[in-house]
Amino acid sequence: MPQRSVAENLARDLPTTPFVAGRFESGPSSQSFDVIDPVTEKVLTTVVEADGDTVDRAVASARRALDEGEWGRMDGAARGELLHAFAQLIQDRADAFADLESLDVGKPGIEPRVIDLPQTVATLRHYAGWADKLTGQSIPTSGYQGRATLSYTLRQPIGVVAAITPWNSPTMIGAWKIAPALAAGCPVILKPPEDAPLTSLLLAQLAAEAGFPAGAFNVLPGRGPVTGQRLVEHPGIDKISFTGSPETGYRVAIAAAKGFRPTTLELGGKSPQIVFADADPDAAANGVALGIFANQGEVCAAGSRILVARAVYDEFVERLAERAAAVVPGDPFDSDTTMGALINARQLERVLRYIRLGCEEGARLVTGGAQPDRPGYFVQPTLFADASNTMTIAREEIFGPVGTIIAFEDDDEAVALANDSDYALAATLWTADLSRAHTLARRVNAGAVAVNGWSPLDPRLPWGGAKLSGHGRELGQAGIEANTSLKTVTVVL
Ligand code: NDP
């Protein structure tokens, strides 16, 4: 059973300085910042910000590791062994990690234990297996000036990777970026979120224990506009992998464009969950509720647009309202809590503003809509029905436990509504009709479509979107190839 006091002690005892060249720095820095518990609103610990000089040192150390150091000379099998050792150390401390994540993010204790940590370990192990399997191709050609040739391709590390993570699931999303980059042989500089940096510091501690050579893995806590901006603008960075808002993603893309450096951008969504009349009503109601209330709705794949067939609309809204009523907001460390607190006061204000907008624009507030009477950045699980797809609550990412329910008449209208969005990250179809499921999975514009289950996660499955949801793919084979560059070699024989 997770214990608040154990997690609080762990937070207090963590090293809280930038981790550069294989050690936590000891010198003073220009700034430090408090890490706030979203449930008690108290300071958990104070972390030293990586300033410009620290960013420069981290990039220099990563470059040395790649260009001159032991890391750059290591073969794939050796990198795989290190990743397995890292995964094992995390697994051994999975409960501590999970509780620290609950404390830092405000999510219910069970969620990191059954989702974030198992996924983190699985991702590290998946890419540990890839590390010695990055092969090129031998390509027959017509020869060169009458002479035969031998042509082949090499997959080489793309270079130094900057990984920038958000506060909603920093450990797991961190692993999605760190594991494939390290497996491909790229040194990584991780910039964790200012609001939830603690598990990333624990990751640094365990990376040192696992034996990664100096410079292969660095962690730079700090604010986005300071540490993050300096990092993405640094000419020593070869690739940027970013998860966060479209606004910041745009800034990252501009910085990357200056050196034509590749980016992977995962920028969230306004993902539809489409409930057809033939869907199993209980399974659909449970899945849709999970898709909007898990992690307080602070999920890039949150199924926040709930499209329901007119024939079952009233009955489904009622079922979903029952699920919302059963959600228990509270301290993540209380055993009956099923939904935690939002990350900070700004996010709470943002979510409440969207709720006010939903009411003003004429959607029907079915349930929730207020703050529970308690300290912390809590908001009730909230559902709006009878909404239209043009309302702000149907168009913009709220990143909170707010579902917007819209009726549709037939399959064509369901697809049209699903695709009428600035985002294209994920979609869920709830139906018993296999033919409809496969047909519509092709027609819905999303990077990932799930049928009869909200957002299944697996490190083997590529993840990413289009439009305002960003571009590029994490996870799976695509995720590691994104950390490599393809070189063609031709020998004239
Ligand atoms: P941001 O996009 O600002 O933050 C994501 C990461 O980028 C954080 O590590 C942040 O650092 C960093 N960052 C911020 N500014 C810069 C910069 N100029 N250069 C480089 N890195 C930077 O998200 P917010 O935390 O402001 O959240 C706002 C909204 O974004 C949410 O309400 C939600 O809608 C969306 N979001 C989407 C996520 C997703 O999974 N797709 C995840 C998080 C948010 P720091 O934390 O220090 O600011």
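On a predicted model such as this, the values are computed, not experimentally measured, just so you know.
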[Y] side chain reached by [X] side chain, heavy atoms, under 4.5 Å:
| X | Y | result |
| --- | --- | --- |
| Asp99 | Arg113 | yes |
| Lys107 | Glu298 | no |
| Ile274 | Phe408 | yes |
| Phe24 | Thr16 | no |

Is [Y] paired with [X] through a side-chain N to carboxylate O contact shorter than 4.0 Å?
| X | Y | value |
| --- | --- | --- |
| Arg57 | Asp51 | no |
| Lys270 | Asp422 | no |
| Arg230 | Asp56 | yes |

Do [X] and [Y] meet the criterion of a side-chain donor-acceptor pair at a distance under 3.5 Å?
| X | Y | result |
| --- | --- | --- |
| Asn419 | Asn445 | no |
| Thr171 | Glu101 | yes |
| Trp454 | Gln273 | no |
| Arg223 | Gln229 | no |
| Ser245 | Thr248 | yes |
| Tyr423 | Glu397 | no |

Show, in sequence, the C-alpha distance, side-chain angles and deciding distance for Thr264 and Lys177, and conclude whether the side chain to side chain donor-acceptor pair (under 3.5 Å) test is met. CA-CA 10 Å; Thr264 303; Lys177 300 181 187 309; over 6 Å; no
Polar side-chain atom of Ser469 near backbone of Gly268 as donor-acceptor pair, under 3.5 Å: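 Looks like yes, one N/O pair under 3.5 Å.
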Arg261 side chain vs Val232 backbone, donor-acceptor pair below 3.5 Å: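 Yes; at least one donor-acceptor contact below 3.5 Å.
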Please round to the nearest 0.5 Å and tell me the distance separating atom [atom1] of [X] and atom [atom2] of [Y].
| X | Y | atom1 | atom2 | answer |
| --- | --- | --- | --- | --- |
| Lys191 | Asn218 | NZ | CG | 15.0 Å |
| Asp116 | Phe97 | CG | CZ | 11.5 Å |
| Arg395 | Arg305 | CZ | CZ | 7.0 Å |
| Phe86 | Arg125 | CZ | CZ | 12.0 Å |
| Ile343 | Asp104 | CD1 | CG | 6.5 Å |
| Thr199 | Leu202 | OG1 | CG | 7.5 Å |

Flag the pair Trp176 / Tyr127 as yes when their ring centroid distance falls below 6.0 Å, and as no otherwise.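 Ring centres of Tyr127 and Trp176 not closer than 6.0 Å.
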Determine, stepwise, if the pair Glu209 / Gln205 fulfils side chain to side chain donor-acceptor pair (under 3.5 Å). CA-CA 6 Å; Glu209 215 176 298; Gln205 218 174 20; over 6 Å; no
